[in-house]
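Please read the structure below before turning to the comments.
One-based numbering along the sequence shown.
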Amino acid sequence: MEETDVLRVELEVLKRQHRDLDEAIDALHARGSADMLTLKRLKKQKLALKDQIFRLEDRIFPDIIA
């Protein structure tokens with residue numbers, strides 16, 4: 001397996017985790033009994049995942065300035 005293939009698999013895993021966190025946050029909001037500390041932690045994790053996703057996408061699809 002090439003490095004790019006490994007990065008793509010890792011990217012998909014991170015995107016799935018990001019979606020799962022998004023669903024968990026939505027579920028807590030829908031229930032109405034959301035603990036603000038828990039929500040804050042989940043949102044912080046989601047933001048960290050977004051940063052990791054961005055870095056991986058940049059490694060897989062680098063910007064080529066012509």
Nearest 0.5 Å, please: how far is [atom2] in [Y] from [atom1] in [X]?
X     : Y     : atom1 : atom2 : answer
Arg55 : Leu14 : CZ    : CG    : 9.5 Å
Arg41 : Leu21 : CZ    : CG    : 13.5 Å
Leu42 : Asp26 : CG    : CG    : 11.0 Å
Asp5  : Ile60 : CG    : CD1   : 9.5 Å

Path from Met36 to Leu28 over hydrophobic side-chain contacts below 4.5 Å:
yes

Would you say Leu7 ends up clustered with Phe61 if hydrophobic residues are merged whenever their side chains have heavy atoms under 4.5 Å apart, either directly or through other cluster members?
yes

Listing, residues 45-54 side-chain donor-acceptor contacts under 3.5 Å, not counting sequence neighbours, or none:
residue, atom, partner, partner atom, Å
Lys46, NZ, Asp22, OD1, 2.7

List the residues meeting side-chain hydrogen bond (donor to acceptor under 3.5 Å, both in side chains) with [X], not counting sequence neighbours, and say none if there are none.
X     : answer
Arg59 : Glu3
Glu2  : none
Thr38 : Asp35

Apart from Val13 itself, its cluster of hydrophobic side chains linked below 4.5 Å comprises none

So salt bridge (charged side-chain N to carboxylate O under 4.0 Å, His left out) across residues 7-18, not counting sequence neighbours, yields Lys15-Glu57

Can you find a pair of side-chain heavy atoms, one from His29 and one from Leu39, that are under 4.5 Å apart?
yes

